Amino acid sequence: MVSRKKSLITTSIQDTWDFESPTLMLGNWCNTFNNRHLVKNLKENSILEYHWNDPEKVLNDYSYLNEFADKILLKLIDNLNHIHQVNFSKTYWKIILSNWLFTFVHIIYDRWKTIEKAFKEFDIEKTKRIKINLEDVIPQSIENFTDLVHQDKWNHFIFCEILEKNFDKEFKFEDIKELKNDDYSRFNKNRITFNKKILLDFYKLFRSTYSKIFKDDDYFIIESYLGKWNEFLLNLKLKNFPITISPGLDLFVNPDLDLRKKISIALNTNNEFEDFVIKIIPKLIPCSFLENYTEVKNIVKKSHWPKNPKVIFTSHAINTKTISSFYIAEKKEQGAFLIHGQHGGGYGQCKFHWYEKFEKEISDKFLTWGWSKESDKKNIPFGILKSISNLENLRAQKEEKKKLLLVIRPKGKYFATALDSKIRGTQILDYHLDCIKMANSLNKKIRDEDLVVRLHERKYGWFEKEMWKEEIPNVTIDEGYQPILEKINKSKLVIYTYNSTGYLELMAANLPVLLYWSNKDNPVDLETEKFYQGLKDVKIFHENKESIAKHLEKEWNNIDKWWNSNEVQDIRVKFCEKYAKLNENKLENLKKLIKNSKT
């Protein structure tokens with residue numbers, strides 16, 4: 001049978017769908033649950049298999065892309081130093097630029113390879129293209145970029161740029177001037193309530209008065225992952241200003257397209273993808289690095305944060321944080337000692353993990369939750385930074401717990417972060433469907449009477465609630481808007497379906513938890529594999545629905561007996577010592593570490 005020419009569907013924007021010709025969807029981000037009835041009306045529709053389904057390919061691409069992005073970084077540093085008439089070091093610019101640059105390069109490669117694969121496997125002749133002004137897709141900041149990359153219209157623009165400049169010259173565009181329902185949000189201004197404004201104004205006044213009366217603080221602690229109360233106590237121990245609040249970033253500027261033309265990334269490229277990237281970066285670099293660079297520095301200057309801190313401690317103030325990343329870069333340039341803490345699941349476990357790699361590179365010391373690697377002298381196996389006292393208190397409560405809490409991960413339709421070895425992009429739909437199948441395989445009484453499915457409050461357009469209700473009409477859905485602690489308190493068992501901080505906290509607090517995912521699809525390093533095998537042996541970790549359903553069928557009425565058995569507890573303790581260690585003198589140990597790092 002002769003294959004027919006396809007019309008390409010790039011996103012889930014329905015105005016761009018062709019209902020008259022055979023079609024090809026670039027990925028499952030087009031095939032969301034709310035579109036299921038329209039998909040049935042398409043003629044001979046196909047969905048492209050994801051190019052990153054092979055974990056080994058992802059690892060190879062990860063190494064290649066990081067090497068390529070490093071070369072771009074050096075050229076951008078030269079450009080930005082020249083444009084802004086400054087002479088900052090690679091470390092300064094690396095702290096400010098890397099989260100955007102490496103994520104951007106990884107994302108563009110993903111979109112490029114998706115288009116490339118489509119043309120290799122299908123005969124594509126046309127697509128519908130929305131008219132989008134360049135200014136509308138240029139991010140104002142890393143925060144704005146993080147929002148834009150999840151939106152259909154931004155991704156449609158990227159796909160069409162790739163198609164227009166680099167693929168089949170006979171390929172045809174049918175241009176659409178405007179959409180019937182355009183939900184694109186170019187820039188979301190932070191909405192500050194009256195009460196919050198009063199609080200921020202009082203904080204600024206208090207901090208500015210403090211800095212005039214007392215000596216400048218030697219230490220700067222921000223977004224430490226300790227929680228506000230423990231952060232407050234740590235500051236008091238260090239005789240420091242007790243709390244840090246980051247000013248919001250609401251800067252908006254119209255991009256200067258002429259200024260952007262002055263950026264020249266002069267690299268010897270090896271392929272068309274690299275050519276495309278170095279041409280599109282000057283167009284889409286966030287305004288905070290270019291047009292608004294000076295204004296951001298002025299905001300930092302007016303923040304009343306310490307002028308010359310000797311030590312900075314943070315766990316989450318650099319990635320996707322413009323103001324604090326600028327401040328930390330500036331103070332690191334002046335000689336401040338940077339201590340960075342682990343803040344996410346997968347650290348020390350994933351086969352590769354860009355954020356872990358980056359945070360260790362820019363810091364002087366890196367605090368892990370227990371793990372260490374001989375090759376990295378910066379690591380300190382400190383233990384869990386987050387407070388888990390609320391979880392530990394649940395163990396003392398005697399009220400009967402009946403529920404089975406199933407925790408579902410939040411993840412966008414599009415691949416939208418720097419790479420790690422966990423699933424991504426179009427694979428997330430398969431993940432949701434697999435979780436539903438797993439729940440459906442449970443004992444009917446458990447499924448219908450005890451199961452609570454916990455979604456995340458962040459919704460990315462998968463329509464998970466509707467998916468679950470379609471397959472299991474009577475299932476109880478918690479949409480994630482209330483603290484998860486309330487749900488855990490009513491549950492005698494929690495199932496985590498992704499590698500995250502949540503299950504590490506439960507393990508450390510010694511609350512019953514099961515893990516359900518595939519390490520084949522989410523590869524971990526060789527040492528971590530051995531620890532997961534231990535979890536698998538005592539039925540904490542499961543990689544298929546048959547295994548977890550069988551275990552729940554056997555142990556549901558005796559969860560505490562199973563969990564508290566010597567066999568399970570021995571493995572749990574060993575695992576926690578490595579990945580979720582409790583530090584009983586956390587604040588005192590941090591105080592000593594910070595004071596001893598003062599130069």
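The model shown is predicted, which means the values in this text are computed figures rather than measured ones. Hydrogens, waters and symmetry mates are skipped; everything else that's a heavy atom, side chains included, is used.
Scanning both residues, Ile559 and Trp556, for their nearest heavy atoms gives CG1-O, 3.5 Å. For the pair Ser372 and Asn379, the tightest heavy-atom approach, listed with the atom from each and the gap, is CA-ND2, 4.2 Å. Closest heavy-atom contact between Thr146 and Val149: O-CG2, 3.5 Å. Between Pro309 and Ala336, the shortest heavy-atom contact is O-CB, 3.4 Å. In this structure, Ser491 and Lys401 approach most closely via the heavy-atom pair O-CD, 3.5 Å. Leu587 and Leu234 make their closest contact through O-CD1, 3.7 Å (heavy atoms, listed as atom of the first residue, atom of the second, distance).
In this structure a side-chain-to-backbone donor-acceptor pair under 3.5 Å is present from Lys586 to Lys386. Judged by distance alone, with hydrogens and angles left aside, the side-chain atoms of Asp216 form a donor-acceptor pair with the main-chain N or O of Asn308 at under 3.5 Å. Side-chain atoms of His316 never come within 3.5 Å of backbone atoms of Glu223 as a donor-acceptor pair (strictly under, hydrogens ignored). For the pair Asn235 (side chain) and Pro242 (backbone), a donor-acceptor distance under 3.5 Å is present. At least one donor-acceptor pair closer than 3.5 Å links the side chain of Ser421 to the backbone N or O of Pro523. Remark: the backbone N or O of Ile222 is paired with a side-chain donor or acceptor of Thr314 at under 3.5 angstrom. Between the side chain of Asn583 and the main chain of Gly383, no donor-acceptor pair closer than 3.5 Å is present. Side chain of Tyr327 to backbone of Pro306: a donor-acceptor contact under 3.5 angstrom is found. No donor-acceptor pair under 3.5 Å is formed between the side chain of Trp354 and the backbone N or O of Thr417. A donor-acceptor distance shorter than 3.5 angstrom exists from the side chain of Glu231 to the backbone of Ser224, with no hydrogens or angles considered.
Checking Asn522 against Asn499 by side-chain atom types alone, no donor-acceptor pair falls below 3.5 Å. Looking only at atom types and distance, the side chain of Thr322 has a donor-acceptor partner in the side chain of Glu143 under 3.5 Å away. Counted by atom type alone, Ser315 and His343 present zero donor-acceptor pairs between their side chains at under 3.5 Å.
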Go through Leu590 and Ile221 one step at a time and tell me if the side chain to side chain contact (heavy atoms under 4.5 Å, CB included) criterion holds. CA-CA 11 Å; Leu590 277 171; Ile221 300 169; over 6 Å; no
Evaluate the side chain to side chain contact (heavy atoms under 4.5 Å, CB included) criterion for residues Ile339 and Ile594: first the C-alpha distance (whole Å), next the side-chain angles of each, then the deciding distance (0.1 Å), finally the verdict. CA-CA 8 Å; Ile339 302 172; Ile594 291 170; 4.1 Å; yes
Would Ser565 and Glu567 count as a side chain to side chain donor-acceptor pair (under 3.5 Å) if you check the C-alpha gap in whole Å, the side-chain angles of each, and the deciding distance to 0.1 Å? CA-CA 5 Å; Ser565 67; Glu567 184 183 27; 5.1 Å; no
The test is side chain to side chain donor-acceptor pair (under 3.5 Å); show your working for Asp217 and Trp305 and say whether it passes. CA-CA 9 Å; Asp217 284 338; Trp305 291 345; over 6 Å; no
Could you check Asp525 against Thr528 for side chain to side chain donor-acceptor pair (under 3.5 Å), going step by step and ending with a plain yes or no? CA-CA 5 Å; Asp525 62 34; Thr528 304; 2.6 Å; yes
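Put simply, the side chain of Trp562 reaches to within 4.5 Å of the side chain of Ile540, judged on heavy atoms. Residues Val58 and Lys351 have side chains not in contact (no heavy-atom distance under 4.5 Å, counting atoms from C-beta outward). Using a 4.5 Å cut-off on side-chain heavy atoms (C-beta onward), Thr103 and Tyr355 make contact. Side-chain contact between Val311 and Asp218: absent, with no pair of heavy atoms (C-beta onward) separated by less than 4.5 Å. Contact of the Gln342 side chain with the Leu385 side chain is not registered, since no non-hydrogen atoms from C-beta on lie closer than 4.5 Å. The shortest side-chain heavy-atom distance between Lys487 and Lys403 does not fall under the 4.5 Å cut-off. Counting heavy atoms from C-beta on, the side chains of Phe541 and Trp517 come closer than 4.5 Å. When side chains are defined from C-beta on, Val453 does not count as touching Ile472, because their heavy atoms never get closer than 4.5 Å.
In this structure, the separation between NZ on Lys360 and NZ on Lys377 is 12.5 Å, given to the nearest 0.5 Å. In this structure, CD1 on Ile495 lies 6.5 Å from CG on Leu442, to the nearest 0.5 angstrom. Interatomic distance, Glu505 CD to Ile484 CD1, rounded to the nearest 0.5 Å: 9.0 Å. Atoms CH2 and CD1, on Trp468 and Ile408 in that order, are 5.0 Å from each other to the nearest 0.5 Å. With rounding to the nearest 0.5 angstrom, the NZ atom of Lys332 is 6.0 Å from the CD1 atom of Ile95. Interatomic distance, CG of Asn564 versus NZ of Lys561, reported as 11.5 Å (0.5 Å rounding).
Between Phe241 and Phe220, the gap from one ring centroid to the other reaches at least 6.0 Å. Ring centroid separation for the pair Phe531 and Trp371 does not come in under the 6.0 Å cut-off.
Relative orientation of the Phe145 and Trp100 rings is perpendicular, given thresholds of 30° and 60° on the angle between their planes. Under the 30°/60° scheme for interplanar angles, the aromatic rings of Tyr460 and His150 are found to be tilted. The aromatic rings of His551 and His542 lie tilted to each other, with the angle between the two planes from 30° to 60°.
No more than 12 heavy-atom neighbours from other residues, nucleotides or ligands sit within 6.0 angstrom of NZ on Lys465. Within 6.0 Å of CG on Asn558 lie more than 12 heavy atoms contributed by other residues, nucleotides or ligands. Atom NZ of Lys307 sits in a sparse spot, with 12 or fewer heavy atoms from other residues, nucleotides or ligands closer than 6.0 Å.
Between Glu361 and Lys357 a salt bridge is recorded (basic side-chain N to carboxylate O distance below 4.0 Å). Between Glu555 and Lys539, none of the side-chain N atoms (NZ, or NE/NH1/NH2) sits under 4.0 Å from a carboxylate O, so this pair counts as no salt bridge. Checked for salt-bridge contact, Lys536 and Glu543 meet the test: a charged N lies under 4.0 Å from a carboxylate O.
Remark: Lys459 is positioned above the aromatic ring of Tyr481, its terminal NZ or CZ atom under 6.0 angstrom from the ring centre and at most 45 degrees off the axis.
Between Tyr532 and the options Tyr579, Tyr503, Phe575, a ring-ring contact (aromatic ring centres under 6.0 Å, His included) holds for only Phe575.
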Anything under 3.5 Å between a donor and an acceptor, one on a side chain of residues 427-437, the other on a protein residue two or more places apart or in another chain? List them.
from, atom 1, to, atom 2, distance (Å)
Gln427, OE1, Arg424, N, 2.9
Gln427, NE2, Trp52, O, 3.2
Gln427, NE2, Asn53, OD1, 3.1
Tyr431, OH, Arg409, N, 2.9
Tyr431, OH, Thr497, OG1, 2.5
Asp434, OD1, Tyr516, OH, 3.4
Asp434, OD2, Tyr516, OH, 2.9

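With sequence neighbours left out, the salt bridge (Lys or Arg N to Asp or Glu O under 4.0 Å) criterion links Asp537 to no other residue.
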